[in-house]
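Right, one structure below, let's go through it.
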Amino acid sequence: MDYVSVRVSTLRGDQKIDFNAYVKINEKMVLYLRQGDSFEGERLDRLKQKKLRKMYILTSEEPLYRRYLQQNIDMAYDTGSGKNINVRAEIIQGAQQANADEVFENPENVESYNNARDAAGKYVQFLMGNTQAVSAIMNIQNSDQSISHHGVTVATLAVALANRMGGIDSKKIQLMTLGALLHDYGHHDSALSLNRPLKSFSKEELALYLQHPQLGAQKIRDKKHFDQTVLHIISQHEEKVDGSGPLKLNESQQDPLAVIVATANALDRLITYEGVPKNDAPKRLMIQSVGAHPLMQIQHLAEVIKTTVT
Ligand SMILES: [Fe+2]
Ligand SMILES: [Fe+2]
């Protein structure tokens, strides 16, 4: 039998699957979910908690899987589908996450990149066009602290922030979203354990950590299909407006879109990796990094977070 791997993040929503899904245990394929079942609820949570990111399907069933993906995403973006916003958000969040992983694993693949860029544009429309979309996305927990899920969260916060700031054209917002999605490429394959406060990092660990924006930028610099904005965001997203970031750039030397992503990123670092409750995170950010991010941006994000707390 021939199997191909599929990303667990694409298997979301309440639609029944018309293929069999397997997990690999000790080099053996074990049937996990059969045709006719769906991945909703507990089943998906269990997989996420186990940090299982790939499953397998029979190669012969790949067309069925592709059709499932397409139906899921069409339904999720269809405002008239009548589906619950949380189900739609889950599917769209998973698809964005899968796009990021696809680019991380195959940065040389132009088609994967272009697909992620187009999908980022659709994602912006989804966030801007539904009042509950931002909150539905923000309420999907990143329970396995994945870098790509964090990328989707940062992109979501950055779009909500840019929306409140106003005056940024939609093409720029699309590229900012893609940059935010991919911003932590430098952590992909990293041996550092990221899921703890930066304060607990040793001197050596912190030095290594501070290299990740440049590591990420290096991986794509020679790939001509990446947009400049995306490169800027990857390399500058840990900069601070007071010039105390890894590259010591001051605000006027930073891409304004990277400044927005940096603020959104600092906030989600607290929520996803430092265990700070969502409602406390903006205040914590304000106090702990005075002058590191534009105060006005943190205030806007505090308002965004307020609307997402259920
Ligand atoms: Fe980062
Ligand atoms: Fe990050």
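Predicted, not measured: the structure shown is a model, and the values here were computed from it. We count ligands from 1, going down the list as the structure has it; atoms in each ligand are counted the same way.
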Taking just the N, O or S atoms of Glu238, which one is nearest to the Fe ion (ligand 1)?
->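 The atom in question is OE2.
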Apply the test ring-ring contact (aromatic ring centres under 6.0 Å, His included) to residues Tyr185 and His212: give CA-CA distance (whole Å), side-chain angles for both, the deciding distance (0.1 Å), then the verdict.
-> CA-CA 8 Å; Tyr185 192 17; His212 80 266; over 10 Å; no
In His183, which N, O or S atom comes closest to the Fe ion (ligand 2)?
->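 This residue's closest N, O or S atom turns out to be NE2.
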Of all N/O/S atoms in Asp184, which lies nearest to the Fe ion (ligand 2)?
->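 Of all N, O or S atoms belonging to Asp184, OD2 is the one nearest the Fe ion (ligand 2).
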His150 versus Asp268, side-chain donor and acceptor atoms under 3.5 Å |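 Side chains of Asp268 and His150: pair found under 3.5 Å.
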Ser38 and Asp14 side chains, donor-acceptor separation under 3.5 Å |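 Side-chain D/A pair, Asp14 to Ser38: absent.
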What residue among Met296, Glu303, His300 forms side-chain contact (heavy atoms from CB on, under 4.5 Å) with Leu161?
->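 Exactly one option meets the side-chain contact (heavy atoms from CB on, under 4.5 Å) with Leu161, and it is His300.
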Looking at the Fe ion (ligand 1), is one of the N, O or S atoms of His237 less than 2.8 Å from it?
->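 Under 2.8 Å: His237 contacts the Fe ion (ligand 1) through an N, O or S atom.
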